[in-house]
Chemist: 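So that we are looking at the same thing, I have put the structure below in structure tokens.
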Amino acid sequence: MGSTCSKIHFSFFKLSVDFLSVSRNLKWGPDPHVENACLSVGCNSVEKKIYVHLNYTFPCVRLLNATHQIGCQSSLSGNVGVLHELESEENLDWVLTSGPNPPYMVILESRLFTRSIMMKLKEGSGRVAGVVVVAPNTNPPEGFSPHTACPNDNSGRSKNYDPTLAHCNATVWNPLGNGLAYEEFDFPIFSVKDDNDTRVIRQCYQDHNRRVNGSNPQFPLCAMQLRSSMSAVTNTATCKRRNDINFSLTPDRVCDELGDFNIWASSRPMNTTTKGHKEFESVVIAAARMDSRSFFFDIAPGAESTASGIVTLLAAAHALRRATQEAPPNRTILYTFFQGETFDYIGSSRMVYDMENNQFPLDLDNIHSVLEVGLHSDSKLWLHSDPVSRKNSSVKEEVEKLVNGLKSASAGLNVSVDEPDVSQPLPPSSFQRFLLARPIPGVVIGNYRSSFTNRYYESMYDNAEYLNVSYPENMTSEEQLEHFPETVKTLTEVATLVARALYVQAGGNETQLANITADPQIVNQMLYSFLVRANNSWLQQLVPTDFTNHLADRPTNFYVGVIQYFSEPTTLVQYMLANMTGSVVNVTQEDCQKKIPNILYTYMWVQGAAPPNSTEREGFCVRSTVHRSIAVSPAFELHEYTTSNYSTWTESVWKPITGRIFLVASHDLEMLTLGVGITVLLTSLVLTYVISSKADILFSSGREPTSATY
Amino acid sequence: MNLERLPNEEKLGLCRKYYLIGFAFLPFLWLVNVVWFFQEAFIKPAYSEQLQIKSYVKRSALGLLVWVTVLTTWITIFQRFRAEWGEVGDYISFTIPLGTP
């Protein structure tokens with residue numbers, strides 16, 4: 001057996017790459033564990049011979065709100081269990097009752113990552129040490145959504161709908177939603193990519209833990225340790241209180257609020273230093289959301305649920321740039337991108353709160369109407385409106401005008417728009433938070449009639465593959481930026497539709513409409529930046545030099561994250577929007593940077609492109625009306641952590657998140673080793689005592705004392 | 001310090017001192033007193049100061065017992081109910097364990 005072990009260990013050793021590559025992706029708690037220091041300088045080889053570290057793991061983490069906690073947690077030192085690969089749901093019996101070596105670390109194929117299996121594992125958690133979900137390389141055809149069936153039900157319009165409309169009683173928006181992402185598990189759940197790591201895990205399992213001919217597997221067995229130890233517990237009120245207690249010896253933070261920034265820009269410059277109501281100002285809000293999530297931390301591709309809305313609205317803003325400058329409509333168009341909407345509308349509720357409390361350059365009276373771009377990626381669009389506020393005749397009239405504007409704008413475009421049943425409730429959207437404040441006319445655009453057509457809503461599969469944004473294998477990044485997938489054409493059409501409708505809604509002259517057309521090139525570049533990689537030659541030109549390092553070579557992570565960290569999409573949207581709506585002014589870099597802040601405009605120096613025969617980039621100054629406004633729930637401003645009016649989501653702080661596999665000996669062998677050790681210790685103690693008590697006889701042989709020989 | 005070498009009066013003085021200082025919320029001093037003077041009080045052959053030493057040792061032991069009872073009861077109650085007390089429990093805690101209610 002010994003030789004097998006060392007062979008396995010040797011092959012593991014080769015595959016264990018620098019552990020720190022994991023740590024870069026993850027946020028550490030404020031208390032880095034000593035293990036890190038040990039690993040960064042390279043531990044002794046015994047550690048390496050025993051353990052194989054998993055490099056690309058995505059944990060599920062703990063989130064808390066006013067009433068409860070969700071997500072996963074391991075014990076402080078990590079949960080250890082014998083690996084068991086689940087083959088089918090019937091196979092669960094081995095894990096939950098019959099297997100002889102509990103607790104088990106269960107490996108699940110993604111097709112088995114279902115509510116029914118996870119709930120059984122949760123209930124049998126005494127025998128379950130943790131779960132590893134192997135993420136597939138292709139999306140599951142049957143669909144998967146770990147979100148709830150009725151997203152953001154408690155924070156939206158349901159509050160003042162009557163029972164027939166409230167709580168998805170009229171229509172279930174996300175029928176595939178199994179609510180797994182809102183369950184609490186007291187064991188760690190990690191996702192691993194189907195690559196080298198998974199092969200090592202599977203090999204170890206095959207070699208040691210598989211039952212051969214019905215007999216139980218023999219020791220040593222392959223085991224795994226997963227550590228995702230969370231500091232926060234119970235609910236937001238508890239963890240915020242513990243954050244504030246500074247009496248203890250180690251005043252650690254235990255949780256942080258979710259939140260970031262909303263991004264907005266106006267089609268006409270607006271004085272941002274005076275807050276509250278603006279006389280003679282009437283704005284049309286064009287909204288989209290900027291965040292998404294999945295079951296696992298750090299994977300939130302949000303392709304259809306988020307990226308398509310952002311791209312469409314940015315492309316529409318770009319299409320409107322010339323028309324709004326040359327023939328400005330009566331009303332101002334306000335492009336707004338809300339952050340944290342997945343978690344009970346953090347961004348929109350804060351903007352509404354700021355407007356109500358004169359903390360925003362506009363107030364609710366300045367809002368003429370709202371047009372929100374929701375989930376979409378195909379040419380069949382549905383225009384959703386709110387049945388309750390439509391009972392107000394003036395609102396009804398404005399909504400109908402907006403709907404008709406959209407319908408007539410679709411003429412000549414390759415998109416069809418339609419209205420669902422007018423008594424149908426409003427789908428989950430940022431607009432709901434405006435309606436909670438007062439009846440405002442507005443429409444939400446989506447590609448669904450009464451339930452999402454997206455089969456992967458808020459999951460790790462809502463990705464580029466789902467939107468058919470794929471490029472031939474051997475293309476370089478440059479060629480990919482020039483290659484238009486089919487989705488790009490659709491989104492361009494939708495962007496044109498949105499732009500024209502916004503222009504009409506703002507009171508613009510219809511003769512201008514023919515000049516308002518979205519640019520497929522821009523749509524493609526933006527889509528590519530969000531869904532494939534942000535670090536591309538196009539986006540590099542549009543950002544300041546010091547931001548270049550932050551452009552990632554992977555799809556954007558749309559998870560909002562805690563307020564201390566910038567969320568990826570926020571900054572990308574900010575730079576894109578500045579370049580889409582702003583204009584280049586001819587000033588030096590120094591002057592450009594001096595002009596910040598300004599009451600009307602923001603200035604930013606971006607690095608630009610390098611001319612053909614040079615490596616030096618030629619930067620330029622972009623003047624725009626792009627602003628950031630804080631997107632932190634009003635609950636934290638008001639210190640009301642148990643409120644049901646606002647989002648109260650917080651994310652726990654955690655110790656380093658690690659995963660490793662190793663071989664364990666049988667319990668008997670461990671006990672034998674311990675017993676032998678204790679016996680040796682006791683024997684030596686007795687021996688020493690005997691020898692020392694009989695020292696006279698043993699060591700004095702009648703000779704002179706030894707000192708005399710010195 | 002070796003008790004054997006002290007004259008009996010000084011032993012008594014020492015025992016009394018430990019007993020009295022113990023009242024300054026120092027139960028461990030009583031514990032030391034009990035352990036240290038146990039032999040003097042109960043095992044050594046009788047001498048004139050022994051009776052007083054005996055009484056100080058007994059009283060120290062009694063005080064110690066009261067402390068042990070009170071602390072054990074409180075610690076048991078505190079550990080059992082800290083989570084249920086919620087806010088109050090957090091405010092009277094010196095260190096709050098991470099990741100547990």
Side-chain angles (χ1 to χ4, degrees), chain A residues 28-33 59 61-64 66-69 71-79 184-188 227-256 639 641-642 650-657, chain B residues 1-6 18 21-32 34-45 63-101:
Chain A
W28 302 127
D31 180 15
H33 201 269
V61 302
R62 176 128 293 169
L63 300 179
L64 309 101
T67 53
H68 61 292
Q69 54 179 10
C72 319
Q73 160 162 47
S74 78
S75 66
L76 200 60
S77 55
N79 289 17
E184 182 209 339
F185 298 95
D186 58 0
F187 49 78
R227 187 169 70 163
S228 59
S229 169
M230 302 289 150
S231 301
V233 78
T234 312
N235 55 34
T236 292
T238 305
C239 80
K240 290 295 287 181
R241 183 174 70 234
R242 291 182 181 180
N243 275 350
D244 295 339
I245 295 176
N246 285 320
F247 181 62
S248 89
L249 282 177
T250 50
D252 287 343
R253 290 185 68 75
V254 293
C255 69
D256 297 301
H639 301 285
Y641 307 131
T642 50
T650 48
E651 181 189 278
S652 173
V653 167
W654 55 78
K655 302 273 184 220
I657 288 176
Chain B
M1 185 161 33
N2 192 345
L3 271 188
E4 304 291 323
R5 291 182 193 166
L6 281 187
Y18 268 61
I21 299 175
F23 278 104
F25 305 105
L26 296 169
F28 273 99
L29 220 52
W30 283 339
L31 175 67
V32 169
V34 171
V35 171
W36 207 15
F37 283 96
F38 189 80
Q39 277 203 324
E40 290 292 329
F42 298 104
I43 292 168
K44 286 274 171 70
L64 180 67
L65 195 72
V66 171
W67 268 101
V68 168
T69 326
V70 170
L71 284 181
T72 317
T73 318
W74 168 244
I75 290 167
T76 315
I77 294 173
F78 178 75
Q79 293 295 348
R80 169 70 184 74
F81 293 102
R82 184 185 57 80
E84 288 172 32
W85 290 337
E87 200 171 343
V88 179
D90 281 359
Y91 286 131
I92 60 175
S93 299
F94 187 63
T95 44
I96 300 169
L98 298 177
T100 48

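Lettering of chains follows the sequences in order, A, B, ..., and the numbering in each one begins at 1. Side chains are part of it too, since the values below use all heavy atoms of this structure and drop only hydrogens, waters and symmetry mates.
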Chemist: Decide yes or no on side-chain contact (heavy atoms from CB on, under 4.5 Å) for B/Tyr91 and A/Arg241, but give the supporting numbers first.
Modeler: CA-CA 9 Å; B/Tyr91 286 131; A/Arg241 183 174 70 234; 3.6 Å; yes
Chemist: After noting the C-alpha distance and the side-chain angles of A/Thr234 and A/Leu64, does the key distance pass the side-chain contact (heavy atoms from CB on, under 4.5 Å) rule?
Modeler: CA-CA 7 Å; A/Thr234 312; A/Leu64 309 101; 5.5 Å; no
Chemist: List for me each residue that meets ring-ring contact (aromatic ring centres under 6.0 Å, His included) alongside A/Phe187, sequence neighbours excluded, and say none if there are none.
Modeler: A/Phe185
Chemist: A/Ser77: what forms a side chain to side chain contact (heavy atoms under 4.5 Å, CB included) with it, not counting sequence neighbours?
Modeler: A/Ser75
Chemist: According to side chain to side chain donor-acceptor pair (under 3.5 Å), does anything in residues 35-45 of chain B pair up with another residue at least two apart or in another chain? List the pairs.
Modeler: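 For residues 35-45 of chain B, and leaving out neighbouring residues, the side chain to side chain donor-acceptor pair (under 3.5 Å) pairs sorted by first residue read B/Glu4-B/Lys44, B/Lys11-B/Glu40, B/Glu40-B/Lys44, B/Glu40-B/Tyr47.
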Chemist: With a strict 4.5 Å heavy-atom criterion, list every residue of residues 67-89 of chain B that contacts chain A, or say none.
Modeler: B/Arg82, B/Gly86, B/Glu87
Chemist: Give, as side chain, backbone, both or neither, the part of A/Ser229 having an atom under 4.5 angstrom from any heavy atom of chain B.
Modeler: neither
Chemist: Side chains of B/Leu98 and A/Val653: closer than 4.5 Å at any heavy-atom pair?
Modeler: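 Not touching, per the 4.5 Å side-chain cut-off.
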